[in-house]
Asker: 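Below: one structure in structure tokens.
Throughout, a chain's letter reflects where its sequence line sits, starting with A, and its residues are numbered from 1.
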Number of protein chains: 2
Amino acid sequence: MTTTSVQPPTDRRLERREAKLANILAEAWTLARRDGLAAISLRDLADAVGLRQPSLYVYFESKLDLYDAMFADGYRQLLAYINARRYSDDPRRALAKLVADCVQFSSNDVIRHQLLFQRTIPGFEPSAASFDVALDFYAIGRGMAEAAGVRTQAELDIFTALVSGLAHQQIANDPGGRRWVRLADQVVDMFLADLDRRHKTTTSTGGRR
Amino acid sequence: MTTTSVQPPTDRRLERREAKLANILAEAWTLARRDGLAAISLRDLADAVGLRQPSLYVYFESKLDLYDAMFADGYRQLLAYINARRYSDDPRRALAKLVADCVQFSSNDVIRHQLLFQRTIPGFEPSAASFDVALDFYAIGRGMAEAAGVRTQAELDIFTALVSGLAHQQIANDPGGRRWVRLADQVVDMFLADLDRRHKTTTSTGGRR
DNA sequence: GTCTATATTCGGATAGAC
DNA sequence: GTCTATCCGAATATAGAC
């Protein structure tokens, strides 16, 4: 019988582990920004956190599992980014702000955008648990869109296309900048005016849902 | 002096070479669709075209060079796709058709879309020659947008965001389908109506260019 | 939980004969 | 232009001691 008995996992053991995991993830993002998302190597990552490469397998059971953790982490960052802002009581102005924020968020980190919004890593698909984090975000977006007058799925589809289009162009042609971020207001106005026009002509007629 | 003298490269020698190159590219696309763009291996590619792996270096001097050839090839496919269509004399209807075609083109091949429109391969950047092919396409898009009334860079930026947003959502959420393709008309109408409104209120005032 | 040592596979790329 | 043979490096992943 040794003095170091088996500890219950609910302690500052878990806390320690979480902290280390967070550190690994942070370094993984740094490496990804330097070498490209698909070009991360577990050797480099281990070096960056002061471990030997096999020790990483204590925290992730495979490289794809690392991507999965990064995926969830990225969406948590997005949720934190959104939650840190105050949005107007006017649902239309709130929506415009949300769109600008989302585009800005993408512009802030191209690699993160790649992992969250583009399917670029061969073989990677987010786990159900990680995808749930993503769904939390999309629920917020949908809620604010509906508050601003979006009713049908087609209208929501157009809205999501507007947001991802702004983000994509921002990243592809002005990474880190604000060229398309600045257009968010105008685009949302355009979208809402179109909603108005369509809801006016087809009042309670073609309201398929 | 041997009987097989040095031939001038202008013959059906070049023709042969071009045909083989085209075949290699076709198989490369097939492999990319199967394994993912970043996961192509030159060994598999050589197998697919009945060559040994080192022989590929007669046609491409590196793997990135293969991607470069695929990039140019993809944009040539896009140009051919567009040129095979007839567009209305009404520039607004023509523009709506162009957008639908571009979104459909993306939907037809997710991998191709990835290479042409997303920066996903670490270390890959198109050569000047390949980029010129891309520019040919963007010149067409810009021309048709301007014919439909687009005047400023900001307006063009919004337009490109609309197209890439529709394409992105189509690919991400309904690959191979038409869910966002069908929305192209409505989105272009929305965009043009917004142009009208803006040009009406600020007639020849804020026409920065 | 972290280490050393190693398995295993696979990748792109080059040399040089034919 | 195609081949054989090979280099060299890098990758993920596992076994087992401490």
Asker: How many Å lie between CG on D65(B) and C1' on dG12(C), as a whole number?
Answerer: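 The answer, rounded to whole Å, is 14 Å.
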Asker: Holding to ring-ring contact (aromatic ring centres under 6.0 Å, His included), I want the full list of residues that pass it with Y67(B), two or more places apart in sequence or in another chain.
Answerer: none
Asker: Pairs in or reaching into residues 47-62 of chain A: which pass side-chain hydrogen bond (donor to acceptor under 3.5 Å, both in side chains), with residues at least two apart or in two chains?
Answerer: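 Checked against side-chain hydrogen bond (donor to acceptor under 3.5 Å, both in side chains) - neighbours excluded - no pair reaches residues 47-62 of chain A.
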Asker: Whether the D73(B) and W29(B) side chains hold a donor-acceptor pair (N or O, under 3.5 Å, no angle test) is what I'd like checked.
Answerer: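 Present: a donor and an acceptor within the cut-off.
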Asker: Grab the CG-C1' distance between L45(B) and dA13(C) for me, whole Å please.
Answerer: 15 Å
Asker: Near DNA chain C, counting only heavy atoms under 4.0 Å, which residues of residues 22-41 of chain B show up?
Answerer: I40(B), S41(B)
Asker: Return the value, rounded to whole Å, for the distance between atom CZ of R17(A) and atom C1' of dG1(C).
Answerer: 9 Å
Asker: Hey, could you give me each pair passing salt bridge (Lys or Arg N to Asp or Glu O under 4.0 Å) that has a residue in residues 156-170 of chain A? Not counting sequence neighbours.
Answerer: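 Salt bridge (Lys or Arg N to Asp or Glu O under 4.0 Å) check on residues 156-170 of chain A returns D157(A)-R179(B).
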Asker: CG of L21(B) versus C1' of dG1(D): gap in Å, rounded?
Answerer: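 Nearest whole value for this atom pair: 13 Å.
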Asker: Could you name each residue pair satisfying side-chain hydrogen bond (donor to acceptor under 3.5 Å, both in side chains) that touches residues 34-46 of chain B, not counting sequence neighbours?
Answerer: none
Asker: Expressed as a whole number of angstroms, how long is the span from D44(B):CG to dG11(C):C1'?
Answerer: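 Those two atoms, CG and C1', are 11 Å apart.
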Asker: In whole Å, what is the span from the OH atom of Y57(A) to the P atom of dA13(D)?
Answerer: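 Result: 3 Å.
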Asker: With sequence neighbours left out, what residues match K63(A) under salt bridge (Lys or Arg N to Asp or Glu O under 4.0 Å)?
Answerer: none
Asker: To the nearest Å, how far apart are L42(B) CG and dG12(C) P?
Answerer: 4 Å
Asker: Taking ring-ring contact (aromatic ring centres under 6.0 Å, His included) as the definition, give me every residue that meets it alongside Y87(B), ordered by chain and number, with sequence neighbours left out.
Answerer: none
Asker: Who pairs with D90(B) by side-chain hydrogen bond (donor to acceptor under 3.5 Å, both in side chains), at least two apart in sequence or on another chain?
Answerer: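 In terms of side-chain hydrogen bond (donor to acceptor under 3.5 Å, both in side chains), with neighbours along the sequence ignored, D90(B) is linked to no residue.
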Asker: Pairs under 3.5 angstrom, nitrogen or oxygen only, protein versus nucleotides 2-6 of chain C, please.
Answerer:
from, atom 1, to, atom 2, distance (Å)
dT2(C), OP1, K20(A), NZ, 3.1
dT2(C), OP2, Y59(A), OH, 2.5
dC3(C), OP2, R52(A), N, 2.8
dC3(C), OP2, S55(A), OG, 2.8
dT4(C), OP2, R52(A), NE, 3.1

